Every structure is written in C-alpha cells, then in structure tokens.
Protein chains: 2
Amino acid sequence: MGRGRPRQFDRDEALDRAMRLFWTRGYQDTSIADLTDVLGIGSPSLYAAFGSKASLFRAAADRYEAGEGGRPFAALAAAPTARDGVEALLRGNVALFTKRGGPRGCLLTRATLSCPPSDTTVVAYLQRSRRDRLAALRTRLQTAAAAGEPLPSDDVDALAQYYDAQVQGLAVRALEGATRPALLRTVDLTMAAWDALSTR
Amino acid sequence: MGRGRPRQFDRDEALDRAMRLFWTRGYQDTSIADLTDVLGIGSPSLYAAFGSKASLFRAAADRYEAGEGGRPFAALAAAPTARDGVEALLRGNVALFTKRGGPRGCLLTRATLSCPPSDTTVVAYLQRSRRDRLAALRTRLQTAAAAGEPLPSDDVDALAQYYDAQVQGLAVRALEGATRPALLRTVDLTMAAWDALSTR
DNA sequence: GGGTTAATGTAGCGATCGACACAGAAAGGA
DNA sequence: TCCTTTCTGTGTCGATCGCTACATTAACCC
C-alpha cells in the first residue's frame, strides 16, 4: 500500500475534531496551534495532510455539510409536503444548533461572519454553500407549487429567502445562548404563520 | 481649558470612523494598525484617547446604538401600535443594513459572531446590548397587549424572541450580500404573517 | 521666558499568527 | 541490507498582533 512511513493518526477523526473546533470557535479565532493541540499532531503533519488552514476548513465544512449540518436539508427534500419539509428543516436545525455537548449554532453562519475577506477561497466556499442552501429551499417549494400544495405565498423565491432568514436567525440566537425550547417556540410561530397564510 | 498640548484630531469624528470600520470588518479583523490608518493618528494617541481596542469598540458600539443603529428601535417604541412599531423596526433595519456607501449588516450581530471569548468585556457588552434589545421588543409588545391590540400570539415573550430572530436573519443575509428589495420582500412576508395570525 | 502638563511621532516590546526547513524515523521494494 | 519514500518532531521563519517607553512638541499658567 503506502510506500513511505505510515500516517500515525486517523485522518477522518482528525478532520472531525477540526470540524468541531471550527464550529466552536469560528474560522479566524481557531489557530493552527489550537488545531495541532486538539488533533494531537504536529503542524507539519497537519499541513502534509490538509494543505493549509483554509483548505482544512473547507474539508471540515464539507464534512459538516455531508453529515450533521446537511441532515435538516435532507429532511427538507425528503418530506412528503413542503410544509412538512420546512418544519423538519427548522426543527432539525434547532436540534443541531442546541445539541448537548456539541458546539452551538451553525458552523457556516459563524464562519461567514468571522472570516476575513483576505481568505478568498473560504469566502468563495461559503458563498457557494449559501447559494446551494437557498437553491434547495427554492426547488423544494417550486415542486410543491407545481404539485398544487398550498403555500404562504406565490413568490417562491421570496419564500425561500424568508425561510433562509429564519434559519440564520435561529443560528445567531443559538450562538447567543438561546435555549432549545425558546428556539422551538420561534419555530412554532413560523409554522403557525405558514398555516395562517396558506389557508385562504 | 486644556492644560497640556491640545489633541490634534476630533475625538467624535475619530470615534465615528472607528465605528464604521468595526461595522465593516467586525471586531477581530479590525486591527489597531487599520484603525490608526483610517483615523489618521498614531497608536499612542489612540490609546490615550480610548484606552484599548476593547474599550474603543465599546465606545464605537455605544455611538452605533445611540445613532443609526438605535433608530429602528426608537421607531419601534414611538409607533402608535405594536404592529406599526414592529414593521418600522424591520424596515428601518433593512434600510440600515443595506444603506448605500455604508457598511452592510449590523455592527452588533457581526461583532457577536466575530469576537473571541477572551475579550470578556466586549462579550459582556454584547450580551447586555442583546438583552436590552429583547427587552425593548418585549415591553413594546407588552404594552400593546395591555392596550388590547391584536397580536399574533398571546405569548409576548415568544413573540419578542421571534421578531428578534427576524432582525438577526436580516442582518446575516444583508452581510451575505442580499439586496434591499429582497430583504424587504422578507419583511413583507413577516408582516403578512402578523396580519394573518392577528385576525382570528 | 521658565515651568508644568498633556498629546504626538518614532520605534519597538513580547506574543502569536500561518507556514515551513530540516533531519530523524518508519514503512515498502530491491 | 540498502535505497527510496513518506511521515513526524524540533525549531523557527517573517509578518502581524495589541500595546507602550521614550523623547519631542505644543499648549497653558506665572
């Protein structure tokens, strides 16, 4: 298999720990020293395995989106109706943002507000990620509209941006320390608004 | 008046420029070198006038809240009804977050997500500021409830947190580059939801 | 003008940032 | 066994971080 000296750490586990650390402290406030400390490896090993801080973050964010972070959006797409999907998206994100023992809030939202513009590759990654999430919302609502489901508005684009704002608001409040029940009451209001606007 | 050598810069103007810079780049990504550059003064003058980066930020944030940043909340308190107040709060914040030639988003929201926990005085300031804003929302809704105005929910506390989340969502989206018309469509939906939930 | 007080410009402090040079260590292939 | 290849630990690079010592300059009071 490998020709040279074998790697002495589990790359996936290291990536997972890096992801948790970026999630906890944001992008800029997570230093290479912090990472090598938590990962238990030297900085040359980190750079050999991941290239740079920026590319390590992108790999960690990929892992976030492919795992926990992507689950609420998977639930959105899989739900039988758009209403169920949006509710699953919001409640799933509340659970994600307030999980016991885990970092609070959203890794991507936090990074978006704490990444210096000079790190262009990270900024570009975050922009693409945001576009993808908006597109996921829009397409789910679009298919619902095509299926004749009742929606709170005919403007699917505006709806997608509206529910994206709900998610971001929940993420910020979770980071500020809002409790899970408090965030769920906010989701209750958002879904009550869906119903009140849809039945006309 | 002054005993020693007079200050060679306008303290208020310097504070205003510092506020704009913190608003544009967040707390952590704004360095003392950036500040002395934009303010046109040396670092000893900055420290003599403002004490430290943390206390300069708090002074700049005070200026933000007393000026532009506080206007939407002043409109909330001054409006004849809670509905008008919330709408003025949201639309005022959209205008603030997308003002041409000015920084995008909210100075406080951005700082909340980009301030290292080690800067305890700034963290404490931001927490208190957030509590105050939530309290402003809650008391306005409370007086409306006492006056018998129709509200989207009987749970005033949940309502306050819900509209706080709306503001934060708008702030994040503005920072991500959302246009003013797009954010206003989101506010349209939020206010349509108010009406649909209030008329029962 | 002298003396006092305060703000300024230069220059640099120790610490930390992201990233890497270098040599030693551990594997496979011959 | 020796060579090649790859990873690991030590040490450190130049740059930047927030911050300040020091001498100088410019105002006031007398």
Side-chain angles (χ1 to χ4, degrees), chain A residues 1-15 17-19 21-22 24-61 111 114-123 125, chain B residues 1-15 17-19 21-22 24-61 111 114-123 125:
Chain A
M1 297 282 179
R3 278 271 287 194
R5 175 176 178 173
R7 181 174 286 134
Q8 294 194 312
F9 63 94
D10 187 311
R11 193 182 188 277
D12 269 11
E13 187 192 324
L15 192 52
R17 293 191 187 185
M19 185 264 280
L21 196 56
F22 278 125
T24 303
R25 331 223 328 192
Y27 178 74
Q28 197 174 6
D29 196 39
T30 300
S31 71
I32 300 293
D34 294 331
L35 287 163
T36 58
D37 194 45
V38 167
L39 272 54
I41 63 178
S43 50
S45 300
L46 187 152
Y47 279 90
F50 300 108
S52 69
K53 181 182 175 182
S55 64
L56 170 56
F57 172 82
R58 280 177 285 147
S114 78
C115 175
S118 49
D119 262 300
T120 55
T121 66
V122 173
V123 171
Y125 178 97
Chain B
M1 295 280 181
R3 280 272 287 194
R5 176 176 178 173
R7 180 174 285 133
Q8 295 194 315
F9 63 95
D10 186 310
R11 193 181 186 277
D12 269 10
E13 187 192 324
L15 192 52
R17 292 191 188 185
M19 186 264 281
L21 196 56
F22 279 125
T24 304
R25 332 221 329 191
Y27 178 73
Q28 198 171 6
D29 198 37
T30 302
S31 71
I32 299 293
D34 295 330
L35 287 163
T36 57
D37 194 44
V38 167
L39 271 56
I41 63 178
S43 47
S45 300
L46 188 152
Y47 279 90
F50 301 108
S52 71
K53 181 182 175 182
S55 66
L56 170 55
F57 172 83
R58 281 177 285 147
S114 79
C115 174
S118 50
D119 263 301
T120 55
T121 66
V122 174
V123 170
Y125 178 98

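Small disclaimer: the values here were computed from a predicted structure and weren't measured. Note on naming: letters A, B, ... go to the chains in the order of the sequence lines (proteins, then strands), and numbering restarts at 1 for each one.
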Partner residues of [X] under the side-chain hydrogen bond (donor to acceptor under 3.5 Å, both in side chains) criterion, sequence neighbours left out:
X: R17(A); value: E13(A)
X: S55(A); value: S52(A)
X: D37(B); value: none
X: T121(B); value: none

Restricting to pairs with a member in residues 26-49 of chain A, which pass ring pair (Phe, Tyr, Trp, His ring centres under 6.0 Å), not counting sequence neighbours?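 Of all non-adjacent pairs touching residues 26-49 of chain A, those that pass ring pair (Phe, Tyr, Trp, His ring centres under 6.0 Å) are F22(A)-Y27(A), Y27(A)-F57(A).
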Please identify each residue that fulfils side-chain contact (heavy atoms from CB on, under 4.5 Å) with R7(A), with sequence neighbours left out.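 Partners of R7(A) by the side-chain contact (heavy atoms from CB on, under 4.5 Å) criterion, ordered by chain and then number, come out as F9(A), R11(A), A49(A).
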What is the distance from [atom1] of [X] to [atom2] of [N], rounded to the nearest Å?
X: F57(A); N: dA19(C); atom1: CZ; atom2: C1'; result: 19 Å
X: F22(A); N: dG18(C); atom1: CZ; atom2: C1'; result: 12 Å
X: F50(B); N: dT20(D); atom1: CZ; atom2: P; result: 16 Å

List in numerical order all residues of residues 29-38 of chain A for which some heavy atom is under 4.0 Å away from an atom belonging to DNA chain D.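 Heavy-atom contacts with DNA chain D come from no residue of residues 29-38 of chain A; none.
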Could you encode protein contacts along nucleotides 4-11 of chain C as a string, one character per nucleotide from 5' to 3', using B for base contact, S for sugar-phosphate-only contact and - for no contact, with a heavy-atom cut-off of under 4.0 Å? SBBBSBBB
Salt bridge (charged side-chain N to carboxylate O under 4.0 Å, His left out) with D10(B): which residues, sequence neighbours excluded?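 Salt bridge (charged side-chain N to carboxylate O under 4.0 Å, His left out) check on D10(B) returns nothing, list empty.
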Does dT20(D) have its OP1 or OP2 closer than 4.0 Å to a side-chain nitrogen or oxygen of Y47(B)?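 False: Y47(B) side-chain N/O out of range (4.0 Å or more) of dT20(D) OP1/OP2.
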Stepwise side chain to side chain contact (heavy atoms under 4.5 Å, CB included) test for L15(A) and L56(A): CA-CA 8 Å; L15(A) 192 52; L56(A) 170 56; 3.8 Å; yes
